[in-house]
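So you know, we letter chains A, B, ... as the sequences are listed, proteins then strands, and number each from 1.
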Amino acid sequence: MREGAFFRGLARENPLLVYLLGLCPALAVSDLVSKALGLGAGVILVLLAAVAAARLLRPVIPERLQPLVWLVLVAALVSLVDLAMQAWLPALRQQLGVYLQLLAVNCLILGLVERLARRRSLSRCLRLAAGQGAGFTLALLLIALVREVLGSGTITLFPFGSFGGVIRIPGLSLHPARAVSLAAGALLVLGYLVALAGRLKAGRRRAEQRSAG
Amino acid sequence: MSFVGIIFTAVFVNNVVLYQLLGLCPLFAAAGSRRSALGLGLAVSLVLALTAPAVWALQHLVLVPLRLAYLQTLAFVLLIAGIFQLVRLAGLVLARLAPAAHRALGVHLPLAAVNCVVLGSCLLLVPGLSSAGRSAIAGLSAGAGFLIASVVLASIQARLRSEWVPEAMRGLPITLVSAALMALGFLAFDRVLLAKLFG
Amino acid sequence: MMGSCQSGLEAPVSRELAGLIALSRSEVRRTAETPCIGCGRCVSACPWSLAPVEIYKALEHRRFAEAEEAGLAECTECGCCAYVCPARIPLAAGMRRGKSAAARG
Amino acid sequence: MRSGGAFALEQFPAPHLHEGTTTAGMMFSVVLCLLPAGLWGVLLFGPRALYVLAVSVGTSLLTELAVSGLFLRRFTLGDGSALLTGLLLGYSLPPAVPLFIPAVASFFAIAVIKLTFGGLGRNWMNPALGARVFVMFSWTGPMTRWAAPLAAADALSGATPLGLVKEALAHPVHGVRGPIELLLAGLHPAGLKAGFFPDLLQRLGRLTPAGYGQLALGTMAGCIGEGSAFLLALGSVYLFVKKIIAWEIPAAYLGSFSLLAWAFGGLPFGTGLFRGDVAFHLLSGGLALGALYMAADPVTSPLRRPGRILFGLGCGGLTFLLRTWGSQPEGVALAVILMNMLVPLLNRIGARPAAEVKK
């Protein structure tokens, strides 16, 4: 049963936990849920645009030059997203800071653009890319939720009409475990999530072997 | 800020790995052995020492005067890619001249994943510095900080390989937890300590 | 300290047998083996200044290169380390098993 | 085991005798040596301190039981290490701390720092110290509110001796020649409760030179078990005699720290080089508990003598650095966990030279 390309990106081949790609910006940005969502959206946007452009440009560009061209392509797209965010969401852009620009060298995006550019059907590429992007955002959201709830006792989203944007958790927000929202907490949370993902994957593989065997 | 202040900040207070959380992909890839961790650390320090002043010059002499600051990301990426090629060529030359040095250093030069820490450090360091010389020192110190974290983590990883670590934690998870505990220790180096020590 | 233990009374007695020791149950009271806490007593007890704990741990995880490097070849299985080890780890026996396992590779 | 004739002999590998020590025995004797300092702390700070200790020890035993049982499927309460970690952690907490802090700290110490690595002997960081740093950075406010010992009312005294020194370093008070004068000036006038025990302390205090008596007996604001350096030192003598703690680490640690405190301690007070008040620094804060019991923890310290001496020197230097210029008055916990990271490297120093036979 071949899961749809989109869903494969979400769980089974969840980029962040299983392949640990694009780990660099994820951790530093995962102390607030709004920042995680912002970066996740950025990754999905850049990924879709880059894969589409690469898929179309591929026949035109000589083989040897392709890595360099993809690098420039992704960097240009990241700058575009950066400018757009500075225009419409300045507060979020300010919070993300350098880590949004770092998407230009993100292993996940560059790796995917390289891999997907060779695929034949454009729509399948886009669905795979969207799946991987959504998987990345989901995993990042998971880390951000754990870190922000424990580390600052709140869930910051985007202000919308009367809703101020910050959900305060009654008990925890008075005495949150601030260390969890520091760098140490990020590495710890990711460590346990990777262990969990590894155990789930091993469990699923054992289940498949048993059913296949 | 004095030179020593810059060095102390870049190595301990704003440690590239344990404070900025940059360069985690190459770090965990090289945590396998102390030798590869040392090689990676030296390679990153060398590359950073070269790119930081170049990036500073590009920023302050080209982008800002011509009001092209919005091209910063693109410009930096291209510059770093260029320097990368230079360093790789130097690596090939080094291979012929001093194979031993190359083996310790060279194996990591083409590592594309390194540019996370290179671009990240440049973007974080450059705005705060006032001269190309200071950027070179800051770049080198950021690389040294990476080297320290990388070698210490690799030595811990080497010890854990001979211990009965629980099944689910073996490999990357236990390295991540160890890095987390190291980051906890590095909290000792904070802004107050920096201010009191170096003014 | 270094004598090998016999499983029954029919073991033949040969000319170069140096001595026969019969220990009472209380003298040989075995306590359960607990994890090593790195106290370093075995390191100071070893007459060849080896680090029995490092060799044993390397052997336990089948890291024969590290065990060799830590000095497996020089260990004469004198048992001083196992005698002082508070965690009651059978270090000397581990070395013996390790040497044959290392030989087999 | 083949059945061998009239009666089968069980076969065991050589050597067949043993010195008789066990890890559990060592752990429980350390706990025993720690008890006097703990009792003293409870006497000084009242039942509040007892609750903190109870929660700290209780949670660590519970966590060890649960996590070790569920995830590692082993019963490991018997080795006494969870009890020791809980006790050490309780000693390093202020008496007026809200009770959820020792609970979270103990859980973090046992579940994250120790059992995630596989249990006793496999963690590379001292669980009690790592948890204390985690808790200090998470709840800095409650962790730096100090209760005055035996205070008439439940008054919160200003600061610990080290806190007073840190205050003095920030904005120097002219005319103060050393930390002890600061201490006497800063000593809270609230006075002690009436009763036999406080009067005894008064008389004991007067026997020793001004101020040092209070410091050695720990009748100052501070953490539960760290107060009386005298009782901690007394307890540790037994451990050195029985070789449960290696003497190299405390010797190098306290030695290097005293040297630095003596050499550079006087500078902030303007009394020039080599005027530092060593006794004050040695007797105050967590140095006694940290150097004798925490740094010397065999699991997280080097195997060989050269490694241990370097470990102690490192701890001494870092403690002095953090106490003088750090953001918090106490630097022992951070200093030791920073050195814990280097233990695998330190273990490579003094590794076996080729077949050198011990004389």
Can you confirm whether more than 12 heavy atoms, excluding those of B/Tyr19, are under 6.0 Å from its OH atom?
no
Please look at D/Met125 and chain B and tell me whether the side chain, the backbone, both or neither of the residue comes under 4.5 angstrom of a heavy atom of that chain.
side chain
B/Ser36 and B/Ser33 side chains, donor-acceptor separation under 3.5 Å
yes
Looking at D/Arg132 and D/Ala333, would you say the former's side chain and the latter's main chain have a donor-acceptor pair under 3.5 Å?
no
Contacts of residues 136-147 of chain B with chain D (heavy atom under 4.5 Å)
none
Part of B/Phe186 lying under 4.5 Å from any heavy atom of chain D
both
If one checks every heavy atom of D/Asn123 against chain B at 4.5 Å, the contacting part turns out to be backbone
Not counting sequence neighbours, which residues clear ring-ring contact (aromatic ring centres under 6.0 Å, His included) with B/Trp164? List them please.
C/His61
In terms of side-chain heavy atoms, does D/Ser81 have a donor or acceptor partner in D/Lys114 at a distance below 3.5 Å?
yes
Which one, B/Arg191, B/Glu167, B/Lys196, B/Arg170, leads in non-hydrogen pairs under 4.5 Å with chain D?
B/Lys196
Show every donor-acceptor pair shorter than 3.5 Å between a side-chain atom in residues 106-113 of chain D and any protein atom, with sequence neighbours excluded, or say none if there are none.
residue  : atom : partner  : partner atom : Å
D/Ser106 : OG   : D/Ser56  : O            : 2.7
D/Ser106 : OG   : D/Ser56  : OG           : 3.4
D/Ser106 : OG   : D/Pro102 : O            : 3.1

Which of D/Val133, D/Leu345, D/Ile337 touches chain B most, by non-hydrogen pairs under 4.5 Å:
D/Leu345
Are the side chain of D/Asp297 and the backbone N or O of D/Asn126 linked by a donor-acceptor pair below 3.5 Å?
no
Okay, side chain of B/Arg67, backbone of B/Val64: is any donor-acceptor separation there less than 3.5 Å?
no
What part of D/Phe117 gets within 4.5 angstrom of chain B, counting heavy atoms only: side chain, backbone, both, or neither?
both
Closer than 3.5 angstrom, by distance alone: can the side chain of B/Trp56 be matched with the main-chain N or O of B/Leu129 as a donor-acceptor pair?
yes
Quick check on B/Arg34 against chain D: is it the side chain, the backbone, both or neither that has a heavy atom closer than 4.5 Å?
side chain
Expected output: side-chain D/Asn340 to main-chain D/Thr300 donor-acceptor under 3.5 Å
yes
So, the part of B/Ser178 with a heavy atom under 4.5 Å from chain D: the answer is both
B/Leu160 versus chain D, heavy atoms under 4.5 Å apart: side chain, backbone, both or neither?
side chain
Chain D heavy atoms under 4.5 Å from B/Met182: which part of the residue, side chain, backbone, both or neither?
both
Using only heavy-atom distances, determine whether the side chains of D/Ser68 and D/Thr76 contain a donor-acceptor pair under 3.5 Å.
yes
Ordered numerically, the heavy-atom neighbours of chain B under 4.5 Å found in residues 308-322 of chain D are D/Leu321, D/Leu322
Donor-acceptor pair, side chain of B/Asn14 and main chain of B/Thr9, under 3.5 angstrom
no
Count the heavy atoms of every other residue, nucleotide or ligand shown that sit under 6.0 Å from CZ of B/Phe198, and state whether that count exceeds 12.
yes
Under a 4.5 Å heavy-atom cutoff, which of D/Gly121, D/Gly130, D/Gly331, D/Gly119 has the most pairs with chain B?
D/Gly121
Keeping B/Asp190 on the side-chain end and B/Leu193 on the backbone end, is there a donor-acceptor pair under 3.5 Å?
yes
Please rank B/Val152, B/Leu181, B/Val177 by heavy-atom pairs under 4.5 Å with chain D and give me the top one.
B/Leu181
Considering all heavy atoms of both residues, which atom of D/Gly286 and which atom of D/Arg323 are nearest to each other, and what is their separation?
N-NH2, 3.9 Å
